[in-house]
Asker: 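Once you've had a glance at the structure underneath, I'll fire off some questions.
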Number of protein chains: 2
Amino acid sequence: MARSKPNKKSEQIKFNAELTEAEWIVMKVIWENEPCTAGTVQEALANSKDWAYSTIKTTMDRMVNKGFLEIQKIRNLQLFSSAISEVDAKRGEFRKMLQRAFDGALTPMMQFLIEHEGLSKAESAQLRKLVNKAKNRKD
Amino acid sequence: MARSKPNKKSEQIKFNAELTEAEWIVMKVIWENEPCTAGTVQEALANSKDWAYSTIKTTMDRMVNKGFLEIQKIRNLQLFSSAISEVDAKRGEFRKMLQRAFDGALTPMMQFLIEHEGLSKAESAQLRKLVNKAKNRKD
DNA sequence: TTGCATATTCGACAAGTGTCGTATAGTCTC
DNA sequence: GAGACTATACGACACTTGTCGAATATGCAA
């Protein structure tokens, strides 16, 4: 009851985070290496992204402003950590898609998957297994 | 084999269309009313969106440039029709999400759905039914 | 202390998006 | 043909996103 009322907007952000393309790429590295510096992120991405240091740093600074990352300062080093969880980010991305393309309804999306995304026999078997497991969870 | 080589880029657009938020909203109206005018779209959205006529028209013109809509001119009237299918748009949106949040892998997404999106008992039952139906399709 | 090697700060720029306002041009009706 | 309407054509503006470069500040080795 007496829980200090959290900012509605920021909760919204936390639980339904919407990252941009570049932010997703950076975020994945953060989740695997946090806390880490911008330089570390650059190195981690060296193979896949030919980004200048400042590109990465700017992106990360913006993410701090948006509340996606947090900075912990040591000397003149900035160690970045995630301020949102992987689950929240995934949920945000998933729900945005669901809202836009399926008006927020899950079942039509499933229908679509099966009808148009050609679930292979293996995949649907897998799915079936998952679903059965889900059967024994909360309702 | 002798199929005249189609433009790779435009195929990409067609089969994996990526619409913006506003474009999705307009597109849904188009799919339901095509061919129709910008004015018709505005009226159809009157309840949900308080958009100026020019806002809608600009958006639609841009969609024509991107190849998402087509114009058929009658007198000085422009009748807009979709140039991409609902399925293609949905696929585009779905795949973008899948790529970003799940590195393109379906199974982890399913796992996520069940673990974190709290599929209700009814939903998982539904899902199970769909999956079983899918079992009898191609592999 | 001098100076390299890093980090950080900041401003910039081109595209793309959301949103309009306004100037024009086409039609239809008197 | 003139006026009233309706559409169209266009340019504009603020913001966001992807990308940097350059200037400045720090820490450490020689």
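A, B, ... follow the sequence lines: proteins, then strands. Residue 1 opens every chain. Worth saying up front: this structure is predicted, and the values here are computed from it rather than measured.
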Asker: Which pairs of donor and acceptor atoms, one on a side chain in residues 41-57 of chain A, lie under 3.5 Å apart (sequence neighbours left out)?
Answerer:
unit_1  : atom_1 : unit_2  : atom_2 : d
A:Gln42 : NE2    : A:Trp51 : O      : 3.2
A:Ser48 : OG     : A:Leu45 : O      : 3.3
A:Lys57 : NZ     : A:Asp61 : OD1    : 3.1
A:Lys57 : NZ     : A:Asp61 : OD2    : 3.2
A:Lys57 : NZ     : A:Gln78 : OE1    : 3.0

Asker: Partners of B:Glu21 by salt bridge (Lys or Arg N to Asp or Glu O under 4.0 Å), sequence neighbours excluded?
Answerer: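 For B:Glu21 the salt bridge (Lys or Arg N to Asp or Glu O under 4.0 Å) partners, ignoring immediate neighbours, are A:Arg100.
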Asker: Go through the structure and list residues passing salt bridge (Lys or Arg N to Asp or Glu O under 4.0 Å) with B:Arg91, not counting sequence neighbours.
Answerer: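 In terms of salt bridge (Lys or Arg N to Asp or Glu O under 4.0 Å), with neighbours along the sequence ignored, B:Arg91 is linked to A:Glu117, B:Asp88.
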Asker: What residues, two or more places apart in sequence or in another chain, satisfy side chain to side chain donor-acceptor pair (under 3.5 Å) together with A:Asn65?
Answerer: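 So A:Asn65 forms no side chain to side chain donor-acceptor pair (under 3.5 Å) with any residue.
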Asker: Once you round it to whole Å, what is the distance between P of C:dT8 and CD of A:Gln42?
Answerer: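 The answer, rounded to whole Å, is 12 Å.
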Asker: Roughly how many Å is it from CD in B:Gln78 to P in C:dA25, rounded to a whole number?
Answerer: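 B:Gln78 atom CD is separated from C:dA25 atom P by 16 Å.
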Asker: Tell me the interatomic distance from A:Lys73, atom NZ, to C:dT6, atom C1', rounded to whole angstroms.
Answerer: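 Roughly 14 Å, once rounded to whole Å.
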Asker: In whole Å, I'd like the distance from the CG atom of A:Leu77 to the P atom of C:dT6.
Answerer: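 Distance check: A:Leu77 CG to C:dT6 P gives 13 Å.
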Asker: What nucleic acid atoms does B:Lys57 come within less than 4.0 Å of, heavy atoms only: base, sugar-phosphate, or nothing?
Answerer: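 It contacts sugar-phosphate atoms only.
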Asker: A side-chain contact here means heavy atoms from C-beta on lying under 4.5 Å apart; do A:Met63 and A:Ile30 qualify?
Answerer: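 No - every pair of side-chain heavy atoms lies 4.5 Å or more apart.
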Asker: Generate the contact string for nucleotides 17-30 of chain D. Rules: B means base contact, S means sugar-phosphate contact only, - means no protein heavy atom under 4.0 Å.
Answerer: BBBBB----SS---
Asker: Using the salt bridge (Lys or Arg N to Asp or Glu O under 4.0 Å) criterion, which residues pair with B:Glu86? Sequence neighbours excluded.
Answerer: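 B:Glu86 satisfies salt bridge (Lys or Arg N to Asp or Glu O under 4.0 Å) with B:Lys90 once adjacent residues are dropped.
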Asker: Whole angstroms only, please: what is the CD1-P distance between A:Ile71 and C:dA7?
Answerer: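 Going from A:Ile71 (CD1) to C:dA7 (P), I get 14 Å.
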Asker: For the pair made of CD1 in B:Ile74 and P in C:dG26, what is the distance, rounded to whole Å?
Answerer: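 In whole Å, C:dG26 P lies 17 Å from B:Ile74 CD1.
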Asker: What is the distance from OH of B:Tyr53 to P of C:dT22, rounded to the nearest Å?
Answerer: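 The distance from OH of B:Tyr53 to P of C:dT22 comes to 17 Å, rounded to the nearest Å.
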Asker: Rounded to whole Å, please give me the gap between CG in B:Leu69 and C1' in D:dT8.
Answerer: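 Answer to the nearest Å: 16 Å.
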